[in-house]
Amino acid sequence: MNGTIQNRDAFLGHIANRLGRERKTSVERPKWKYNPQDEVLKNATQDELVEVLKEQCKNIHTNFVLSNSKDLTESIKKVVNEYGGGPIVAWKDERFDQFGLTNLMNKEWPESGVDLHFWDHTKGKENIDKANYANVGITVSDVTLAESGTAVLFSSKDKGRTVSFLPATSIVLIPKSTIVPRMTQAARIISEKVRSGETVASCINFITGPSNSADIEMILVVGVHGPIKATYIIVEDM
Amino acid sequence: MAMKIGTGEFNDRVGTGIKDSFMRGAVSSAQERFQSRRLSAAEELGNWEDWRSHGEEIRQHVLENLDYYLYQLSENVSKRGGHVFFAQTAEEASEYIKNVVEKKEAKKIVKSKSMVTEEINLNAALEEAGCDVIETDLGEYILQVDDHEPPSHIVVPALHKNRQQIRDVFKEKHGYDKSDEPEELALHAREKLRQEYLNADVGITGCNFAIAETGSVTLVTNEGNADLVMALPKTQITVMGMERLVPTFEEMEVLVSLLTRSAVGQKLTSYITTVTGPKEEGDVDGPEEFHLVVVDNGRSGILGGEFQSVLQCIRCAACVNACPVYRHVGGHSYGSIYSGPIGAVLSPLLGGYDDFKELPYASTLCGACTEACPVKIPLHELLHKHRQVIVEKEGRAPVSEKLLMKAYAFGASSPSLFKFATKIAPTVTSPFTDGDKITKGPGPLKAWTNIRDFPAPNKENFRDWFKNRPKGGAN
Ligand code: SF4
C-alpha cells in the first residue's frame with residue numbers, strides 16, 4: 001500500500017517560486033561534464049583487483065584470506081576458531097551450497113556441537129535474538145569494491161540486515177567474480193536493476209571493515225556498535 | 001531557536017574557548033590530522049579537481065531542479081509504503097514526529113547523530129512527549145550522558161572532552177569503574193547501547209543523501225549505529241534537510257566518495273547504508289513503518305538568492321578543519337550547532353542576523369575553507385557578502401574588521417595570520433577600512449582585542465600545511 005504524502009504541493013510550489021519559475025514535471029538527468037570516477041582502476045584485471053582489495057584490507061583492520069574452493073571449508077573453520085568458535089549466525093543463502101560448504105554447515109558443525117543458526121524468516125524474531133548472542137556472523141558479498149575494500153550486501157527475507165551487525169565478529173565470503181573497481185560500478189549495477197523494473201532491496205549495506213570510532217580523543221577504537229573484528233574470505237568462483 | 005547553543009555573548013564564548021587549553025590542543029591536533037588525511041585522500045585520486053567539479057555540478061543541478069527531485073523522491077518513498085511529510089518550519093517537523101511517536105505510544109527512542117534534528121530541536125519535543133531519547137553515536141552519547149552538553153565539532157562532537165573527563169562522566173552517571181582507556185570506554189557504551197537498540201520503539205536518523213529515483217535514504221557512519229537504529233525499532237523516522245538529495249545511486253556514490261574523503265580521509269567509511277521504505281513482506285529486521293520528514297526551515301529563503309551555493313554543502317567539515325579561526329576559538333564559540341566557516345555562512349541565513357551577526361567576522365577571509373570544500377562552495381566570498389549585507393542593514397559592522405586583523409597580527413607571530421590574511425586572501429576589500437564608527441569604545445570589540453592572548457599557531461605545521469596544500473585549479 002502506498003504511504004501518505006503531506007503538504008507537498010505548497011512546499012514544492014514555494015521552492016519553484018523561489019527559483020523564479022513554474023514547477024517542473026520532468027527533468028532529464030544531465031550528461032555530466034566530469035566523470036573522474038571512471039578513471040579509478042580503469043583497466044585492472046580481476047587478479048589485479050584482488051591485489052588491490054588485499055592491500056586495502058590492511059587499511060581497514062580487516063583480515064584477508066585467499067582461498068580456492070577446495071580449501072574453503074578449512075579456511076572458514078580456521079577463522080571461526082580464531083574468533084573463539086560459535087554461536088554462529090549465517091544467511092540462508094544458496095551460495096553456501098555452490099561453494100561446497102553444505103557439509104560443514106549442515107553436518108560437521110552441528111554434529112560437533114557448534115551452534116549455527118541460519119537466518120530464516122519463518123522464525124521471526126528468534127533470528128534477531130540469535131544474531132545478538134552470536135559470536136560470528138557469516139554473509140556473502142553481492143558486489144565487492146576493490147578500491148575501498150567494501151562488501152555490498154543486499155538484504156532480503158532470509159538475508160537479515162543484522163547478521164553483519166549484531167554478532168561480535170563478522171566473516172564475509174567474497175566471490176572473486178563480484179569484485180569491481182569501486183563504488184561506481186556497484187551504483188551502476190543497482191541503477192540498471194532499478195531501470196529494468198526490479199525493486200531495489202529494502203536495505204543495501206556497503207560495509208568496509210569492522211565498526212570503529214575516533215570519538216574519544218581522536219584515538220581509533222575498533223569495534224563499537226557493530227562487529228569488533230572482520231575477515232574477508234575470497235572464494236575462487238571463476 | 002534551536003540552532004543557538006550556549007548562553008553567553010559571542011565574546012564571552014570566544015574567551016572561554018581560548019582559555020580551555022585541552023580543547024584548544026584537541027581542536028588543533030584534530031584539524032591537523034583531518035587536514036592531512038583529507039589531503040592525502042585527495043592526492044591519491046590524482047584528479048581531485050575533477051572530482052570537486054563533478055560534485056559541484058551534481059549539487060548545482062539538484063538545487064536548480066529541487067522541486068522536481070523532491071517530487072520524485074516522495075513518489076518513490078510512497079510507492080514503497082513509506083510516509084512523507086514536508087515541513088516548512090522546524091516546529092511543523094517536530095510536531096509531526098511527536099505525533100507519530102505518540103501514536104506509537106513510544107517510550108524509548110534511539111537516534112543516530114544528525115545536525116538537522118538538532119536544528120529542529122527534536123529532542124526537546126520528544127522529551128516533552130515523555131520519551132526517553134538516546135543518542136547512539138559514541139561522541140553524542142557521551143555528551144548526552146553528561147547532561148546534554150552541546151557538540152563542538154560536526155564530525156567529532158565530543159572533541160573538547162578528554163578521556164579522564166569521559167571516564168568521570170560514566171562513573172558519575174553509570175557507576176562505571178573501569179579505566180580511561182578509549183577501548184574500555186567504548187565497550188561500556190557498546191554494552192549500554194546494545195540494550196537500548198533492542199528495547200527502542202522508534203529509531204530516528206538524519207540523512208546524508210536521499211535518492212530520488214529509488215526513494216532511498218543513505219546514511220554514512222563508521223560506528224554502525226545508524227544501521228542498528230534503522231534495523232531494530234519497529235518505526236523509523238528519517239529527517240532530512242530538503243536539499244540533501246541526488247537523482248540516482250550513481251550521483252550518490254560520487255558524493256559519498258567526496259564526503260568520506262573530505263570528512264575523515266577514508267575511501268569509504270565502515271558503513272554506508274541505503275534504506276528504501278519499510279521492510280518488505282517477510283523481512284524480519286527493518287522497520288514496519290517508515291517516515292521521511294523533509295525540512296525547509298529557512299532553506300527556501302536561501303534558494304534563488306546570492307547565497308544559494310551554500311545549499312550545495314554535504315556537511316563534511318573539511319572547511320572547519322581548514323579554518324585557522326576555528327582552530328583558535330573552538331566550536332562552541334560560534335554559538336550555533338553549525339560551526340566553522342560553513343556555520344558562519346549558514347547560521348545567519350537559517351537563524352537570522354540578530355543572533356549570528358558576529359559569525360561572518362570569525363574569519364580572516366584567507367580562503368582556506370573554499371579551497372577545502374569538496375563541492376566548491378565559495379565560502380569566503382559568501383562570508384564577505386554577509387559582511388556587506390550586515391553593514392548595509394546596520395550601517396556598521398558588529399565588530400571591526402580592521403581591529404580583528406590587527407588582533408591576529410598581535411596574537412600570531414611570523415608568519416602571522418595577519419600577513420597571511422592580507423597577503424594571501426584573494427580579496428580583503430573592507431567596506432569600512434577607516435573612520436569606522438566602532439573602533440573606539442568597549443562593547444563587542446573587547447572580544448577581538450582579547451584575541452591578542454591567542455597562542456601562536458603551531459608554526460611548523462601551519463607553514464608546512466600551507467606550503468603543501470593543493471593549489472586551486474591544479475590538475
Ligand atoms: S561547506 Fe563545503 S567543506 Fe564545509 S562542510 Fe559543507 S561541503 Fe564540507
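All chains are named by letter (A, B, ...) in the order of the sequence lines, taking the proteins before the strands, and each is independently numbered beginning at 1. Hydrogens, waters and symmetry mates play no part in the numbers below; they use all other heavy atoms, side chains included.
- Both the backbone and the side chain of B/T274 come within contact range of chain A, each with at least one heavy atom under 4.5 Å from a heavy atom of that chain.
- In this structure, the portion of B/Q308 lying under 4.5 Å from any heavy atom of chain A is its side chain and not its backbone.
- Counting only distance, with no hydrogens or angles, the side chain of A/D215 and the backbone of B/G139 share a donor-acceptor pair below 3.5 Å.
- There is no contact between A/N17 and chain B, counting heavy-atom distances below 4.5 Å.
- Neither the backbone nor the side chain of A/T62 comes within contact range of chain B, judged by heavy atoms closer than 4.5 Å.
- If you measure heavy-atom distances from B/L232 to chain A, the contacts under 4.5 Å come from the side chain alone.
- Heavy atoms closer than 4.5 Å to chain B are found in the backbone of A/K125, but not in its side chain.
- Residue B/E92 touches chain A through its side chain alone, counting heavy-atom pairs closer than 4.5 Å.
- Heavy atoms of A/E126 lying under 4.5 Å from chain B are absent altogether.
- Neither the backbone nor the side chain of A/A131 comes within less than 4.5 Å of any heavy atom in chain B.
- With hydrogens and angles disregarded, no donor-acceptor distance shorter than 3.5 Å links the side chain of A/N63 to the backbone of A/A230.
- Contact of A/I128 with chain B is made through the side chain alone, with heavy-atom distances under 4.5 Å.
- Below 30°, between 30° and 60°, or above 60°: for A/F11 and B/F86 the angle between ring planes is between 30° and 60°, a tilted geometry.
- Interface remark: B/L198 contributes side-chain atoms only to the contact with chain A (heavy atom separation under 4.5 Å).
- Within a 6.0 Å radius of OH in A/Y133, no more than 12 heavy atoms belonging to other residues, nucleotides or ligands are found.
- Minimum interatomic distance between A/A151 and A/I174 (heavy atoms only, all atoms of both residues): CB-CD1, 4.3 Å.
- Below 30°, between 30° and 60°, or above 60°: for A/H225 and B/Y197 the angle between ring planes is above 60°, a perpendicular geometry.
- Looking at B/L268, the atoms closer than 4.5 Å to chain A (heavy atoms on both sides) sit in the backbone and in the side chain alike.
- Residue A/L166 touches chain B through both its backbone and its side chain, counting heavy-atom pairs closer than 4.5 Å.
- Both the backbone and the side chain of A/V200 have a heavy atom closer than 4.5 Å to some heavy atom of chain B.
- Counting non-hydrogen atoms of neighbouring residues, nucleotides and ligands closer than 6.0 angstrom, the CD atom of B/E281 reaches no more than 12 such neighbours.
- For B/L228, the part sitting under 4.5 Å from any heavy atom of chain A is the side chain, from C-beta outward, and nothing else.
- Under the 30°/60° scheme for interplanar angles, the aromatic rings of B/H188 and B/F170 are found to be tilted.
- Heavy-atom distances place both the backbone and the side chain of B/L303 under 4.5 Å from chain A.
- With a 4.5 Å cut-off on non-hydrogen atoms, B/I58 touches chain A through its backbone and its side chain both.
- For A/T199, the parts sitting under 4.5 Å from any heavy atom of chain B are the backbone and the side chain alike.
- For chain A, no part of B/V77 is nearby; none of its heavy atoms comes within less than 4.5 Å.
- For A/V40, the part lying near chain B is the side chain, with the backbone staying farther off; criterion is any non-hydrogen pair under 4.5 Å.
- The contact between B/R261 and chain A is made entirely by side chain atoms (from C-beta outward), counting heavy-atom distances below 4.5 Å.
- Both the backbone and the side chain of A/I5 come within contact range of chain B, with heavy atoms under 4.5 Å apart.
- Under a 4.0 Å N-O distance rule, the pair B/E250/A/R195 qualifies as a salt bridge.
- Side chain to side chain, B/T248 and B/E251 meet the donor-acceptor criterion of an N or O pair below 3.5 Å.
- The residues A/K33 and B/E57 are annotated as not salt-bridged, no charged nitrogen and carboxylate oxygen being separated by less than 4.0 angstrom.
- Residue A/A201 touches chain B through its backbone alone, counting heavy-atom pairs closer than 4.5 Å.
- Proximity to chain B is limited to the backbone of A/P210, based on heavy atoms less than 4.5 angstrom apart.
- With a threshold of 4.5 angstrom between heavy atoms, B/F290 does not approach chain A through any atom at all.
- Contacts of A/T150 with chain B are made by side-chain atoms alone, with heavy-atom separations under 4.5 Å and no backbone atom involved.
- Of the two parts of B/V275, the backbone and the side chain both hold a non-hydrogen atom closer than 4.5 Å to a non-hydrogen atom of chain A.
- Looking at A/T178, its side chain never comes within 3.5 Å of a backbone N or O of A/V143 through a donor-acceptor pair.
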